[in-house]
Amino acid sequence: MTYFLPSFSTCFLLLPSLYVAAQGGDTTTTADTMRYMQLDDVVVESRYYRKYNPSTISSALRIQTPLLEMPQNIQVISLDALKDQMSYNLNENVTRNISGTVREELHNMVSPDIYSRGGYINPQRNGVDLRPLLKGPVGDDIAIIESIEFIKGPSGFMTAMSDPAGSYNIITKKPNGIQRNTVKMSYGSFRLFRAEADLSGAFDDKKRFQYRINLMGMSSKGFIQFDKKERLLIAPSVKYNFKDGSSVTVEYIYQYMNNMLLSEAQISPYGYATLPVDFAISDPITQPYQANDHQVYLSYEKQLNNTWAFTTKLANIHNEYQGNIYWVYAKNDSTPDILDRYYVYDGVRYNTFSAQAYL
């Protein structure tokens, strides 16, 4: 990472354990032996630099300027960072990587509900804006995410519907021609069991016809009684590279979610951590909250020359969720030991079709 210091003609560097490479400048020594160096720029290097700090963004944002030279504040979370943090879906840990963002946990098991700079930022998938959705899209599983791009501030260069607070874009895994088969299994607290597979390669020796298949299954209990969570992911994709340098890619992603609770929250008039461990506002005989998410992407890319490229994309995203949920809506002032709740059936269905073409 390069830090430019245009407004300081002289700066003092205290280097206890960090390697710094300085280009240019003079050194002087004062009477109190304090050493000063006048620098043009400072380069801070780390072995985690390339792993956790990508220097480029995806073509889905339609900007290919290096991040440090871009007049827009864009931060990218790499897949390596998400893996090392053991995140399982977009609702876990993601906002901790981006300064100035916060999650609202109203729909904790469904949508990330991410806020930044005082507003609800637009969710996007491969450049397709999903802002009009009531609860937002289902929080994507890490098994299908290649990277996450956070755009801070106006992102009108993507869609005119964008919120001034910004947006975030999910880049899904696509065929890359690399022959690699990865299988991972996890087991943890609250009867967590998870298995995932990432299979990629090519059907021919010239690697023109490429494929990638991502699979995931997960189930777990929770710290609240009667809580149960299940998730399923099936995501095949293929890509064909033509002789003239153009390519066509087809992706299908299916995500299934089955949760007993829409949000893991218990409310007590006596304050935090005053309820017993086996307390629950839900009931095991109620219908779980379920979601089915279908995504289809078709993209064609043509490299016209070393400078210009043409891209056209079609996308169709269909999502529906329904189920029964309990909410505690108020404190019972006359009898605080009575917890007033109400029973709600909630159902949402939407379909988003997008067509894009750009140079």
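What you see below is based on every heavy atom in this structure, not just the backbone, and it leaves out hydrogens, waters and symmetry mates. Since the model is a prediction, treat every value here as computed from it, not as a measurement.
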Distance-minimising heavy-atom pair for [X] and [Y]:
X	Y	result
Ala143	Glu196	CB-OE1, 3.9 Å
Gln124	Ser167	NE2-OG, 3.2 Å
Ser246	Tyr300	CB-OH, 3.5 Å
Gln255	Gly139	OE1-O, 4.1 Å
Ala235	Ile144	CB-CD1, 3.4 Å
Gln303	Trp308	NE2-O, 3.4 Å

Inspect the contact between Lys302 and Asp244 and indicate whether a charged nitrogen and a carboxylate oxygen are less than 4.0 angstrom apart.
yes

Check this for me, if you would: do Asp283 and Arg341 make a salt bridge, where the nitrogen-to-carboxylate-oxygen distance has to be below 4.0 angstrom?
no

In sequence, state the C-alpha distance, the side-chain angles, and the governing distance for Asp140 and Gln295, and then conclude on side-chain contact (heavy atoms from CB on, under 4.5 Å).
CA-CA 11 Å; Asp140 295 87; Gln295 310 173 48; 3.8 Å; yes

At what distance, to the nearest 0.5 angstrom, does [atom1] of [X] lie from [atom2] of [Y]?
X	Y	atom1	atom2	value
Asn73	Lys152	CG	NZ	5.0 Å
Leu199	Leu215	CG	CG	6.5 Å
Ile98	Ile148	CD1	CD1	8.0 Å
Ile77	Leu79	CD1	CG	11.0 Å
Asn259	Gln290	CG	CD	9.5 Å
Gln225	Ser282	CD	OG	8.0 Å

Under the side-chain contact (heavy atoms from CB on, under 4.5 Å) criterion, do Phe226 and Thr286 qualify, and how do the steps go?
CA-CA 10 Å; Phe226 309 136; Thr286 59; over 6 Å; no

Just checking, any donor-acceptor pair under 3.5 angstrom between side chains of [X] and [Y]?
X	Y	answer
Gln356	Tyr358	no
Tyr270	Asp337	yes
Asp113	Tyr120	yes
Ser237	Lys173	no

Using side-chain heavy atoms (C-beta onward) and a distance below 4.5 Å, is [X] in contact with [Y]?
X	Y	value
Tyr88	Ser186	yes
Arg208	Phe203	no
Phe279	Ser268	no
Asn169	Ile151	no
Tyr343	Asn324	yes
Thr312	Leu298	no
Asp141	Arg194	yes

Heavy-atom count check: over 12 atoms from other residues, nucleotides or ligands less than 6.0 Å from Ile285 CD1?
no

Could you tell me whether the side chain of [X] and the main chain of [Y] form a donor-acceptor pair under 3.5 Å?
X	Y	answer
Arg349	Glu320	no
Thr101	Thr95	yes
Glu149	Ser58	yes
Asn97	Val94	yes
Lys174	Glu251	no
Asn126	Ile171	no

Less than 6.0 Å separating the ring centroids of Tyr187 and Phe193?
no

What about the rings of Tyr326 and Tyr342, do their centers lie closer together than 6.0 Å?
no

For the hydrophobic clusters of this structure (ILVMFWY residues joined by side-chain heavy atoms under 4.5 Å, transitively), does one cluster hold both [X] and [Y]?
X	Y	value
Leu61	Phe310	no
Leu82	Leu192	yes
Leu261	Phe190	yes
Met86	Leu90	yes
Leu275	Leu339	yes

Trace of the side-chain contact (heavy atoms from CB on, under 4.5 Å) decision for Val138 with Arg231:
CA-CA 11 Å; Val138 171; Arg231 292 179 70 103; 4.2 Å; yes

Does the side-chain contact (heavy atoms from CB on, under 4.5 Å) test come out yes or no for Arg212 and Asn176, once each step is laid out?
CA-CA 8 Å; Arg212 191 164 189 175; Asn176 51 25; 3.5 Å; yes

Over 60° means perpendicular and under 30° means parallel, so tell me whether Phe209 and Tyr240 are parallel, tilted or perpendicular.
perpendicular

Would you call the rings of Tyr321 and Tyr350 parallel, tilted or perpendicular, where under 30° means parallel and over 60° means perpendicular?
perpendicular

